Chemist: 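Take a look at this one; I'll ask things after.
As the structure is a prediction and not an experimental result, all values here were calculated from the model.
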Amino acid sequence: MSSAAGAGEPPSSSRHGKEREDGAGDNNRKEEKEVDVPEGDVDLDLYGAAAGWVEARTSCPHLPAMPAASADELARVPAPDSQCSRCHHPSENWFCLICKDVLCSRFINKHMLHHFQETGHCLALSFSDLSVWCFSCDSYLDAQSILELRPVYEVAHLLKFGERPPFRSLEVLDLSSGQNGGSSLSS
C-alpha cells in the first residue's frame, strides 16, 4: 500500500484534503479517503510554490532594457519551433526579449541562463508555454498586465497557435490588483 504523504513519511491526520491509497485486488484502482484535519490547521503543501502554483509579477524594473515594440522589432520574433542557436536543440527554448536570440532552457543545456550571465539580458519568453521570465527578478512576469510585454506575447501566440491570445480586459486587471481606474496604466 502506498500513501500520498510522501516517501518515508507516515500519513498524518493533519493533512488537508484527500489521501490516495492503492486498492488491493481491484485492478489497481485508486480510492479516495477523507483525512481529518483539525480546525484551524492549514496544509501549506496546497498553497504557493509547494503546490506548483507561482504568482507572476505585474511589474518589473528591467523592462526598459527591452527594445520598444516597433513593427521591425516584432517582425524579428522567430517561430516558436526555432532551435537553440548554440546547440540546435529543438525544444524547451527561450527567446531573449533584448537581443532576439533563441537559446535552450536550464533543463536542456542552460544556454539561456548562460546568455543572461554573460550579457545581463534578463528578459526571456518561453516558446514552450509563452511564459515570460526575468532572470534578475528571479520571477515570472504577467504578460496580461504588463503592457510592454503584450505586443511580443501576442506575436508569439499568433506564431504558435495561429490566433490572437485571449487577453483579459484591463478593467478586470485593475480590479483584481485592487487599483482604481486606469492609474496604473499610464506608467
Chemist: Specify the closest pair of heavy atoms between Cys87 and Cys84, including all atoms of both residues, with the distance to one decimal.
Modeler: N-SG, 3.5 Å

Chemist: Please say yes or no: joined through hydrophobic side-chain contacts below 4.5 Å, possibly via intermediate residues, are Leu158 and Val102 part of one cluster?
Modeler: no

Chemist: Looking at Arg86 and Glu118, is there a salt bridge between them, counting it only when a charged N and a carboxylate O are closer than 4.0 Å?
Modeler: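 So Glu118 pairs with Arg86 through a salt bridge.
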
Chemist: Indicate yes or no: at least one non-hydrogen side-chain atom of Asp138 is less than 4.5 angstrom from one of Trp133.
Modeler: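 Sidechains of Trp133 and Asp138: in contact.
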
Chemist: Do Asp129 and Ser131 have side-chain atoms, one donor and one acceptor, less than 3.5 Å apart?
Modeler: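 Checked: Asp129/Ser131 side chains pair up, N/O donor to acceptor below 3.5 Å.
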
Chemist: Working to the nearest 0.5 angstrom, can you tell me the gap between Tyr153 OH and Leu125 CG?
Modeler: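 Answer rounded to 0.5 Å: 8.5 Å.
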
Chemist: Report the C-alpha separation of Ser85 and Leu103 in whole Å, then their side-chain angles, then the decisive distance to 0.1 Å, and conclude whether the side chain to side chain contact (heavy atoms under 4.5 Å, CB included) test is met.
Modeler: CA-CA 6 Å; Ser85 65; Leu103 299 154; 3.4 Å; yes

Chemist: Output yes when Glu73 and Lys100 qualify as a salt bridge under the 4.0 Å nitrogen-oxygen rule, no when they do not.
Modeler: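 Looking at Glu73 and Lys100, the cut-off is met.
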
Chemist: Linking I/L/V/M/F/W/Y whenever any side-chain heavy atoms sit under 4.5 Å apart, do Val155 and Ile146 land together?
Modeler: yes

Chemist: Would you call Glu163 and His157 a side-chain contact if the rule is heavy atoms closer than 4.5 Å?
Modeler: yes

Chemist: Could you tell me whether the side chain of Glu154 reaches within less than 4.5 Å of the side chain of Arg164, counting heavy atoms only?
Modeler: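 With C-beta onward as the side chain, the pair touches.
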
Chemist: Without swapping roles, check the side chain of Lys160 against the backbone of Phe127 for a donor-acceptor pair under 3.5 Å.
Modeler: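 Yes; at least one donor-acceptor contact below 3.5 Å.
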
Chemist: Let me see the working for Ser126 and Ser105 under side chain to side chain contact (heavy atoms under 4.5 Å, CB included), right down to the final yes or no.
Modeler: CA-CA 8 Å; Ser126 167; Ser105 79; over 6 Å; no

Chemist: Side chains of Cys122 and Ile98, heavy atoms from C-beta outward: is any pair under 4.5 Å?
Modeler: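 No - every pair of side-chain heavy atoms lies 4.5 Å or more apart.
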
Chemist: Return the minimal non-hydrogen interatomic distance between Pro61 and Pro64, and the atom names on each side.
Modeler: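 Minimum heavy-atom contact is O-CD, 3.4 Å.
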
Chemist: For Phe135 and Gln117: C-alpha separation, side-chain torsions, deciding distance, then whether side chain to side chain contact (heavy atoms under 4.5 Å, CB included) applies.
Modeler: CA-CA 9 Å; Phe135 285 92; Gln117 292 166 340; over 6 Å; no

Chemist: If you measure from SG on Cys99 to CG on Leu123, what distance do you get to the nearest 0.5 Å?
Modeler: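 Nearest 0.5 Å value for the SG-CG distance: 11.0 Å.
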
Chemist: Please answer: with hydrophobic residues joined when any side-chain heavy atoms are less than 4.5 Å apart, are Trp94 and Ile108 in the same cluster?
Modeler: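 Shared cluster, no.
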
Chemist: At what distance, to the nearest 0.5 angstrom, does CG of Leu141 lie from SG of Cys134?
Modeler: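 That separation rounds to 5.5 Å.
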
Chemist: Do Thr119 side-chain atoms and His115 backbone N/O form a donor-acceptor pair below 3.5 Å?
Modeler: yes

Chemist: Can you tell if the side chain of Phe95 reaches within under 4.5 Å of the side chain of Val152, non-hydrogen atoms only?
Modeler: yes

Chemist: Under 4.5 Å between any side-chain heavy atoms of Cys104 and Glu92, yes or no?
Modeler: no

Chemist: Out of curiosity, His62 NE2 to Glu148 CD, how far, rounded to the nearest 0.5 Å?
Modeler: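 So the NE2 of His62 and the CD of Glu148 are separated by 13.5 Å.
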
Chemist: Report yes or no: does Asn93 contribute a side-chain atom to a donor-acceptor pair with the main-chain N or O of Asp81 at less than 3.5 Å?
Modeler: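 The answer is no, because no donor-acceptor pair under 3.5 Å joins these two groups.
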
Chemist: What's the separation between atom CD in Gln144 and atom CZ in Arg150, rounded to the nearest 0.5 Å?
Modeler: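 The distance works out to 6.0 Å.
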
Chemist: Assess the side chains of Asp142 and Thr58: does a donor N or O sit below 3.5 Å from an acceptor N or O?
Modeler: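 No pair is found: no donor N or O on one side chain lies under 3.5 Å from an acceptor on the other.
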
Chemist: When you compare the side chain of Leu149 with that of Leu63, does any pair of heavy atoms fall below 4.5 Å?
Modeler: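 With C-beta onward as the side chain, the pair touches.
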
Chemist: When rounded to the nearest 0.5 angstrom, what distance separates NE2 in His121 from CG in Leu97?
Modeler: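 Answer rounded to 0.5 Å: 11.0 Å.
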
